[in-house]
Amino acid sequence: MSNTPTAHNSAKAGDFAKTVLMPGDPLRAKYIAETYLENPRQVTAVRNMFGYTGTYKGKEISVMGGGMGMPSVGIYSYELFNFYDVDQIIRIGSAGALQDHLKLMDVVIGMGACTDSNYVYQYGLPGTFAPIADYDLLNRAVETAKRQGTNVVVGNVLSSDVFYNANPNVNDLWRSMGVLAVEMEAAALYMNAAKAGKKALCMLTISDHLYTNEFLSAEDRQLGFGKMMEIALELA
Ligand SMILES: Nc1nc2c(nc(Br)n2[C@@H]2O[C@H](CO)[C@@H](O)[C@H]2O)c(=O)[nH]1
């Protein structure tokens, strides 16, 4: 564990808890810290990618933005796992639904994360790597959701490098494989965790639907996010 800050994170050794919640938006990280954590303190603000540490029900927990896309989350999660001794990172994000049975505000948990990214090629594997969630975290999230009466849908998600895809059929192809939703970060987080021997989980609120073209209002995004937060905070 290095004591020197990285080019992307000015926190000192020990500033992060063993568990870090990671929304994409740093302003969401600020909101979470100020709303849910006791005694939150900012530990990094390099390039306004804010990170905070506080406690929840007496347990230490951190929250830090990861940005949009696998390159960004790839940097921040790699450093948290490998330079700051973080044991588990839980991505709390939003996604677009690919399946008709999904409704806006549903909470989806990515048991696996497919990707169209090159990120996996760095490992030089002679085949197809399966980026998967940590089972213990997944299981605890599902049990917690049951206790809280929140319906969660568990399955495959797609971490795409492209938001505006030139290929009009791409969603149909992934949908035909039963992929639940599209986002842009989980696969890199799962690969970093696998390589570092650490734990990761991706939980997503469905904020838009790629087939019904519905999307959440700002206030509904906030409401749906709260249910996911109540699950994630219990996983510290
Ligand atoms: N590629 C993609 N990303 C999505 C979508 N809906 C949402 Br919310 N996202 C997530 O939101 C950001 C893009 O708007 C990225 O960080 C994605 O993880 C979608 O329909 N497609």
Side-chain angles (χ1 to χ4, degrees), residues 8 20-32 47-50 63-78 89-120 131 133 152-153 155-193 200-229 232:
H8 315 100
V20 179
L21 305 184
M22 182 168 276
D25 181 351
L27 291 178
R28 175 81 79 182
K30 182 174 188 294
Y31 169 80
I32 291 166
R47 297 178 184 225
N48 284 339
M49 192 56 82
F50 305 131
V63 56
M64 179 173 181
M68 285 198 288
M70 291 176 61
S72 183
V73 163
I75 290 172
Y76 294 108
S77 63
Y78 182 92
I89 297 176
I90 296 142
R91 164 162 156 69
I92 41 176
S94 41
L98 286 172
Q99 300 295 335
D100 293 342
H101 61 78
L102 287 176
K103 298 178 300 305
L104 295 185
M105 286 174 69
D106 274 353
V107 174
V108 167
I109 299 184
M111 179 161 66
C114 312
T115 187
D116 55 20
S117 166
N118 292 329
Y119 198 86
V120 69
V152 293
V153 184
N156 235 339
V157 299
L158 168 66
S159 304
S160 178
D161 275 352
V162 180
F163 185 85
Y164 297 101
N165 201 309
N167 174 353
N169 308 315
V170 73
N171 288 335
D172 292 345
L173 296 169
W174 291 106
R175 173 183 159 107
S176 72
M177 299 299 288
V179 175
L180 295 172
V182 195
E183 49 90 73
M184 300 175 77
E185 293 84 22
L189 173 62
Y190 287 178
M191 287 187 241
N192 280 355
L201 183 70
C202 176
M203 296 172 51
L204 301 161
T205 302
I206 295 300
S207 61
D208 53 290
H209 201 299
L210 299 179
Y211 284 80
T212 66
N213 292 318
E214 298 164 291
F215 55 89
L216 280 186
S217 62
E219 53 269 26
D220 280 349
R221 262 183 187 247
Q222 199 70 13
L223 190 65
F225 194 82
K227 285 191 204 162
M228 186 169 59
M229 274 311 302

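These numbers come from a predicted model, not from an experiment. Each ligand, and each atom within it, is numbered from 1 in the order the structure gives.
Side chain of E183 to backbone of E185: a donor-acceptor contact under 3.5 angstrom is found. In this structure a side-chain-to-backbone donor-acceptor pair under 3.5 Å is present from Y211 to D172. Checked by atom type and distance alone, the side chain of T205 never pairs as donor or acceptor with a backbone atom of S207 at under 3.5 Å. Side chain of D106 to main chain of K103: a donor-acceptor pair is present (N/O by atom type, distance under 3.5 Å, no hydrogens or angles).
Among protein heavy atoms, the minimum distance from atom 14 (O) of ligand 1 is reached at F163 CE1, 3.4 Å. Protein heavy atom at the shortest distance from atom 18 (O) of ligand 1 is E185 OE1, 2.7 Å. Atom 12 (C) of ligand 1 has M68 SD, 3.6 Å as its closest protein atom, hydrogens excluded (heavy atom only). Atom 20 (O) of ligand 1 has its closest protein heavy atom at D208 OD2, 3.0 Å.
Per-residue contacts place V162 under 4.0 angstrom from the following atoms of ligand 1 (heavy atoms of the residue considered): 1 (N). The atoms of ligand 1 that sit less than 4.0 Å from any heavy atom of R91 are 18 (O). Short contacts between ligand 1 and S207, defined as distances under 4.0 Å to a heavy atom of the residue, involve ligand atoms 8 (Br). Ligand-side atoms of ligand 1 in range of E183: 3 (N), 17 (C), 18 (O), range being under 4.0 angstrom from any heavy atom.
Every N/O-N/O distance between A95 and ligand 1 stays at or above 3.5 Å.
Checking atom 8 (Br) of ligand 1 against the protein gives a heavy-atom contact under 4.0 Å.
No more than 12 heavy atoms of other residues, nucleotides or ligands sit less than 6.0 Å from atom CE of M68. Around the CZ atom of F215, the shell of radius 6.0 Å holds no more than 12 heavy atoms that belong to other residues, nucleotides or ligands.
The nearest non-hydrogen atom to atom 10 (C) of ligand 1, considering only G24, S160, S94, comes from S94.
Remark: distances from the non-hydrogen atoms of G93 to ligand 1 are all 4.0 Å or more.
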Please report the C-alpha distance between V182 and W174 in whole Å, then the side-chain angles of each, then the deciding distance to 0.1 Å, and finally whether the side-chain contact (heavy atoms from CB on, under 4.5 Å) criterion is met. CA-CA 9 Å; V182 195; W174 291 106; over 6 Å; no
Applying side-chain contact (heavy atoms from CB on, under 4.5 Å) to L210 and R175, what does each step give before you reach the verdict? CA-CA 10 Å; L210 299 179; R175 173 183 159 107; over 6 Å; no
